[in-house]
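Notes for the one structure printed next.
As a basis for the values below, the full set of heavy atoms in this structure was taken, side chains included, without hydrogen atoms, waters or symmetry mates.
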Amino acid sequence: MPNNQNHPHGTEIAPHLRIPAAGSSFIEMRFADLLHRDCFNPQSWNSIKLDPAAGQPGWFEIDLNTLGLNDGDYEYEFVLDGATDAPIADPYAVHITRFGGYRGIFQIREGRQWQQLFSWDDEFTPGNELRNNHQLVIYEMPMRWMESAPEKARQVGLGTFEKVAFAHLDRLKALGINAIELLPVQDSPDTLNWGYGTRFFFAPDIDMGMPVELKFFVKHCHRRGIRVIFDVVMNHARNCPLAQLDYARYFLSGDDDERAHRGEDYGADLFRYWPDKDNQTPARDFQLQMVDHLITEYHADGFRIDEFKGINNWDFIQQFRDHAWQTHQQAFPGRPFLVIAEDSWRRAVITHQRVGNPNSRKVTDSMWNFAFRDELRRVFAGHLHTEWGQPSRRDRIRWMVTGIQTWNNGNRQAEPGFYDLSQAVNYLTSHDVEKHSEKRIMNYLLAPMLEAHGYRGTVDDISWVTDHLKAGSGERADDHQRFLHGLALERLRSAFCLMMTAVGIPMILAGDEFGDVHDLDHTNWRLKMSDPVDWERLDASANNRDLWHKVAELIALRTKHPALTRNETEFLHFHPDFDGNDGAKVFVYCRTGGVGIGAGDQIVVIGNIGPQSYAQYNLPWHWMNLDAVREIAPPQYCAPLERNDAGSVKLSLAPYQIRVFET
């Protein structure tokens, strides 16, 4: 278990520090009071020998309560076999310090190991209960992106737990967000980017804040009814002390049989997950201890598993999912919980109860739905192409909205989909924006518009237009650039309309809710991670602010309307020429709530995904009391829904426009 393990409401904690070091015979801990930094010299610190742990071959331990130490906060590190010039930090440390290297911290009060008390007593407030998985709208948050350097110097993100808690949570609550998916917040040497290379698995990133600050962040999310899902990196580790202590038991070498079955190592150390000759799995045990710690200490509400494809061990991931659920329900009975996989091979079957899975059960609860993102982008780019013998366009739209199958554009085939909305996390953009097809959705929509009208659609040009929309911003974007920017925001509103009414859990990348754009070259793997959200763009124009309000309206509908927390969806209309290459691309579907078409409390979505514009489009209609029908997040300029005669209505539909109605 993590060293310095805390009890929920106490301050005195388990006194033993334990570390693995199978190849060593003599382990010492050297330590000093943090108040003695003015005389910093680790070679002169007190040193104590660790004892072999009883019944745990290759493990060593020390009982801090037997050392007779004065009260204080102590930094410590380990020395193996007399190598005093190569100290090693504690991989299980829950609190770390950085000064001439990284070390763990332990605290002594009244002669015994102690940890700062953190009260969770006021964790929840009336009316702000945590929503179940069918009601979630997730906000993907790269913590470092949440604060940028001043004066548009965006080369580095400066977000911390404290800054986000005080500067952003109220705004996210007002937006309607009820879950945050944190990009990795465990300590990582990749401190200026996303953190996908964990160093200390039990301690928060030292540049984001202390343990108490992460706990404060989670508590204040919960006080606003916002769940916190931790993104965990279990494929590999970067500069983790385990590699120095016990590499062979925890990590793979190039000639290991398991290595050929694994994915990329990203220049880091791949964890070893196959059982050893004694049927032991120490790396698995390490990750299960990590999940226990994040749940019991930080009240995690779920996990997103990075690089599922690279781990390539469905037995272990299922074990991880089952263990996490058990720990969470024991600690917090009845609270909602979710384990999500990022499987870039897009295998929806990992969320199924099926014979082909380990133990004939699901491996994870949910997964990122790459296919939804890709199909939606093809829709708004006018690239929903099909060929003779392949599924029709109307089939592809049905699958995108319902998720019952997914489209693989690589092999041009339909693949198994999802049978419950909680299994699919749908999104417009994720943090991973490197490829042209993956960049921020606003860049994706605006670039071709600018280029079609003789402008350039580069990252720099789009950034310039976005920052020069208003008078007083220096040289102002011209009238046509401002028009095209507004048109792209309108299409982004339509994209949100589809995502919020499709079957699945919607996820929003930080900044997309108001149309933020790239400032750095997203095709550069380093720069793509160092491009924080520009919060000033929330008010770059009236259209940006209007989009934010429309997204908030859609989120309120998604989280509160009963028909959208169920799976039932029925398509009511496709234009007769929908499947033709040049045919009209109008469709209508209803989220029925499990009752017959025409009832109240249903959601009707009308979409035009073609370049044609309709001042009046006529379609069959089952809810003829139009006084009871309300449009949600309407376009700024549109003709209202009007009755024609018995059984039909008319409305305007601009190119690539989606309209949503509540009956």
Side-chain angles (χ1 to χ4, degrees), residues 235 260-264 266 304-314 317 340-358 362-364 366-421 423-439 441 444 448 495 498-499 502-505 507 523 525 569 571 574 578-583 585 587 609-610:
N235 179 63
H261 296 265
R262 296 287 294 277
E264 293 185 56
Y266 301 98
R304 182 257 191 193
I305 300 172
D306 179 63
E307 195 58 24
F308 178 93
K309 170 177 67 75
I311 296 171
N312 196 28
N313 192 314
W314 292 22
I317 297 300
I340 305 166
E342 179 240 7
D343 181 17
S344 54
W345 280 355
R346 308 177 181 213
R347 294 164 290 187
V349 295
I350 66 175
T351 68
H352 297 180
Q353 308 282 18
R354 68 166 195 137
V355 173
N357 288 349
K362 62 183 175 182
V363 180
T364 63
S366 187
M367 63 176 280
W368 276 16
N369 188 2
F370 288 82
F372 179 89
R373 176 201 64 188
D374 294 348
E375 283 286 75
L376 182 139
R377 289 180 173 226
R378 293 184 196 107
V379 160
F380 283 95
H383 294 159
L384 196 69
H385 302 311
T386 188
E387 298 175 7
W388 180 259
Q390 294 180 353
S392 66
R393 288 181 177 88
R394 65 184 66 196
D395 285 337
R396 300 260 300 271
I397 291 295
R398 284 193 185 100
W399 299 341
M400 180 186 71
V401 170
T402 65
I404 57 173
Q405 288 190 280
T406 60
W407 176 250
N408 186 323
N409 210 52
N411 60 24
R412 307 293 295 176
Q413 292 182 1
E415 297 184 342
F418 309 94
Y419 53 78
D420 185 76
L421 70 87
Q423 296 172 330
V425 175
N426 297 335
Y427 58 97
L428 310 179
T429 318
S430 77
H431 69 273
D432 208 352
V433 293
E434 187 169 338
K435 296 178 183 177
H436 169 76
S437 60
E438 299 172 331
K439 61 188 174 184
I441 185 66
Y444 187 86
L498 272 182
M499 181 174 72
V503 180
I505 298 173
M507 183 178 76
T523 66
W525 70 270
T569 306
F571 276 78
F574 284 97
F578 189 88
D579 286 318
N581 288 338
D582 299 317
K585 299 293 185 290
F587 62 90
I609 58 170

*Which residues pass the side-chain hydrogen bond (donor to acceptor under 3.5 Å, both in side chains) test with H352, sequence neighbours left out?*
none
*asked:* Applying side-chain hydrogen bond (donor to acceptor under 3.5 Å, both in side chains), can you list everything that pairs with S430, at least two apart in sequence or on another chain?
replied: none
*Provide the full list of ring pair (Phe, Tyr, Trp, His ring centres under 6.0 Å) pairs with a residue in residues 381-410, sequence neighbours left out, each pair given once.*
H383-H385
Between [X] and [Y] (side chain of the first, backbone of the second, donor and acceptor by atom type, cut-off under 3.5 Å), is there such a pair?
| X | Y | result |
| --- | --- | --- |
| K585 | G580 | yes |
| K439 | S437 | no |
| N426 | M499 | no |
| Q353 | K362 | yes |
| E342 | E307 | yes |
| N357 | T351 | no |
| R262 | N235 | yes |

Kindly write out the residues that satisfy salt bridge (Lys or Arg N to Asp or Glu O under 4.0 Å) with [X], not counting sequence neighbours, or none if the list is empty.
| X | result |
| --- | --- |
| D374 | R346 |
| R377 | none |
| E434 | K528 |

*Worked check of side-chain contact (heavy atoms from CB on, under 4.5 Å) between I441 and F380*: CA-CA 10 Å; I441 185 66; F380 283 95; over 6 Å; no
*Under the ring pair (Phe, Tyr, Trp, His ring centres under 6.0 Å) test, residues paired with Y444 that sit two or more places apart*: none
_Just to verify, what does Y266 make a ring pair (Phe, Tyr, Trp, His ring centres under 6.0 Å) with, not counting sequence neighbours?_
H236
Could you work out, with side chain to side chain contact (heavy atoms under 4.5 Å, CB included) as the rule, every residue matching [X], not counting sequence neighbours?
| X | answer |
| --- | --- |
| P358 | W314, D315, Q318, V363 |
| T386 | Q390, R393, R396 |
| N411 | N408, Q413, E415 |
| T523 | D521 |

_Looking at W368, I'd like to know if the NZ or CZ of R373 sits under 6.0 Å from its six-membered ring centre while staying within 45 degrees of the ring's axis._
no
*Please assess T569 against I404 for the test side-chain contact (heavy atoms from CB on, under 4.5 Å), listing each intermediate value before the final yes or no.*
CA-CA 11 Å; T569 306; I404 57 173; over 6 Å; no
*Pick one: which of F574, F571, F587 meets side chain to side chain contact (heavy atoms under 4.5 Å, CB included) with R394?*
F574
*How far apart are the closest heavy atoms of D579 and S392, and which atoms are they?*
OD1-CB, 3.5 Å
*Shortest non-hydrogen contact from P416 to V349?*
CB-CG1, 4.0 Å
